[in-house]
There are 2 protein chains.
Amino acid sequence: MSPPPDPRQNHLLAALPEEDYAHFSLLMEWVQMPLGKVLYEPGIQMRHVYFPTDSIVSLLYVMEDGSSAEIAVVGNEGVVGVSLFMGGETTPSRAVVQSAGYAYRLKGQLLKNEFYRAGPMQGLLLRYTQALLTQMAQTAVCNRHHSLDQQFCRWLLLSLDRLSSNELIMTQELIAGMLGVRREGVTEAAGNVQKAGLIKYSRGHITILDRVGLEKRVCECYAVVKKEFDRLLPE
Amino acid sequence: MSPPPDPRQNHLLAALPEEDYAHFSLLMEWVQMPLGKVLYEPGIQMRHVYFPTDSIVSLLYVMEDGSSAEIAVVGNEGVVGVSLFMGGETTPSRAVVQSAGYAYRLKGQLLKNEFYRAGPMQGLLLRYTQALLTQMAQTAVCNRHHSLDQQFCRWLLLSLDRLSSNELIMTQELIAGMLGVRREGVTEAAGNVQKAGLIKYSRGHITILDRVGLEKRVCECYAVVKKEFDRLLPE
DNA sequence: ATCATAGTGTACGGTATCGTACGGATCGTA
DNA sequence: TACGATCCGTACGATACCGTACACTATGAT
């Protein structure tokens, strides 16, 4: 068993003043985040919020007919479970681990107490939520106007930014579920990007060869979201 | 000149306890909201928040190439300018009046003061923001999976819910801009819905003939959003 | 070494929307 | 009542993605 990761790999926790963080660190619980683990189901009361350190969580909506679409992705820059402090307690979407790793979790009530104490955590959480809002909005725009190739690049880059590695463990089948398209569509998009020499993949392992090339190929949506995250939550 | 409308046509203002509302009402300013008026531009510091009484505001993202897409719509159920109290001050999107009417506005700083006093307004604003989040998420999903016919119906119903009338003043050109499609596409969708006897329109005037019929034809996205607004902000 | 399985490649007709072009209808205004 | 402007209808080839079907290949288990 590997040792627990540093909680402050999570940017929100890292941004807290030492005092506040010390308080938090006593309350948080280290948890594994295996691929595919479901953190929340739509409409079900959430028990915890999760601060990923090196895992990635996908927020996705699953429709009545079974098709799905990712609406946002959360990694070490944020927190899963904003609806707890926003007051809704539940959301109509689902939270699934998209890239395995670890996270620290906190009982919902404890986070709410902290939030309503109006300490430094409150501002952080609110600004993060606004960034999340931007990500969702931009996903809507991207779904409307951009090609699958571009959306695939956006998805890759958003995921990469939330990992320390340049390799993703992810089958085309799963990516298709996130993007809300057919698996065959992803095969083609990924094939194009591979032919261009930007990535290499085989059986669920995607290796980034040319990140700059990806950034040239992606639509503007990626930069809009990234810029907004950097603006709202500077290092 | 018609007399100023009752501010409490706005549901957020109406939900405030008498005391808090009395305080607010002294600070708010009545403004006209003519069709097409731009309230915010992307990246520009916002000066006011707007509480619509009978107007509708569209939040839309305009892309580099000039194409656009609506990411959410705000009427008397909410407030325009959540990024002020969320802490971001700006957003990458644009706010345009989509249906003429009136609103009450409040200087940004005054709303922030109120928000951080943690009175009843704070909870309202947070829950409203979560509802807005849901609307954006569902827009993303709808853009991905549903036909233009269904999206047109969703747009109609979301707009209707924010008006007291059963008539919309809206050209197909403008609707196309909101939905992020060609004007001709809207002509076809609207034609289909009219053939089905659900609406009647001519030169920018859309009259709803059969609202129940619309609700049968729309995709699930409409109900998801409506249910979530009702849950988070009950009358 | 064999085999089942998960993951990927390819193909092909079907469909919704696009881009573009142009014609017709209705309205406000002179 | 004539005219320009706005708004809407229609048409047609192009294209991106879908739905479906099936074959191939790397991997892990036995």
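Values below: every heavy atom of this structure, side chains too, minus hydrogens, waters and symmetry copies.
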* Verify the contact: side-chain N or O of B/Q172 to OP1 or OP2 of D/dG9, cut-off strictly under 4.0 Å; return yes or no. =>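 Yes, such a contact exists.
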* To do: Please state whether the phosphate of D/dG9, meaning OP1 or OP2, lies under 4.0 angstrom from any side-chain nitrogen or oxygen of B/Y201.
  =>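 It does, given that an N or O in the side chain of B/Y201 lies less than 4.0 Å from OP1 or OP2 of D/dG9.
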Could you tell me how far apart [X] ([atom1]) and [N] ([atom2]) are, to the nearest whole angstrom?
| X | N | atom1 | atom2 | result |
| --- | --- | --- | --- | --- |
| B/L179 | C/dT17 | CG | C1' | 13 Å |
| A/Q194 | C/dG7 | CD | P | 17 Å |
| B/L174 | D/dC8 | CG | C1' | 14 Å |
| A/E188 | D/dG19 | CD | P | 15 Å |
| B/H145 | C/dA16 | NE2 | C1' | 15 Å |
| A/N192 | C/dG9 | CG | C1' | 13 Å |
| B/N143 | C/dT17 | CG | C1' | 13 Å |
| A/F152 | D/dA16 | CZ | C1' | 17 Å |

* **B/R211 to B/Y222, cation-pi by 6.0 Å centre distance and 45° axis angle** =>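 Geometry flag: not set, cation outside 6.0 Å or 45°.
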* Taking the six-membered ring of B/Y40, is the NZ or CZ of B/R105 close enough (under 6.0 Å from the centre) and on axis enough (within 45°)? ->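 No cation-pi geometry.
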* Any chance you could list the contact pattern along nucleotides 18-30 of chain C? Use B for base contacts, S for sugar-phosphate-only contacts and - for none, protein heavy atoms under 4.0 Å, 5' to 3'. => BBBB---BBS---
Strictly by modelled atom types, are [X] and [Y] linked by a side-chain donor-acceptor pair under 3.5 Å?
| X | Y | answer |
| --- | --- | --- |
| A/D65 | A/S67 | yes |
| B/N10 | B/N76 | no |
| A/T187 | A/R182 | no |

* **Member of A/F51, A/Y50, A/Y102 meeting the ring pair (Phe, Tyr, Trp, His ring centres under 6.0 Å) criterion with A/W30** =>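 Exactly one candidate clears the test, A/Y102.
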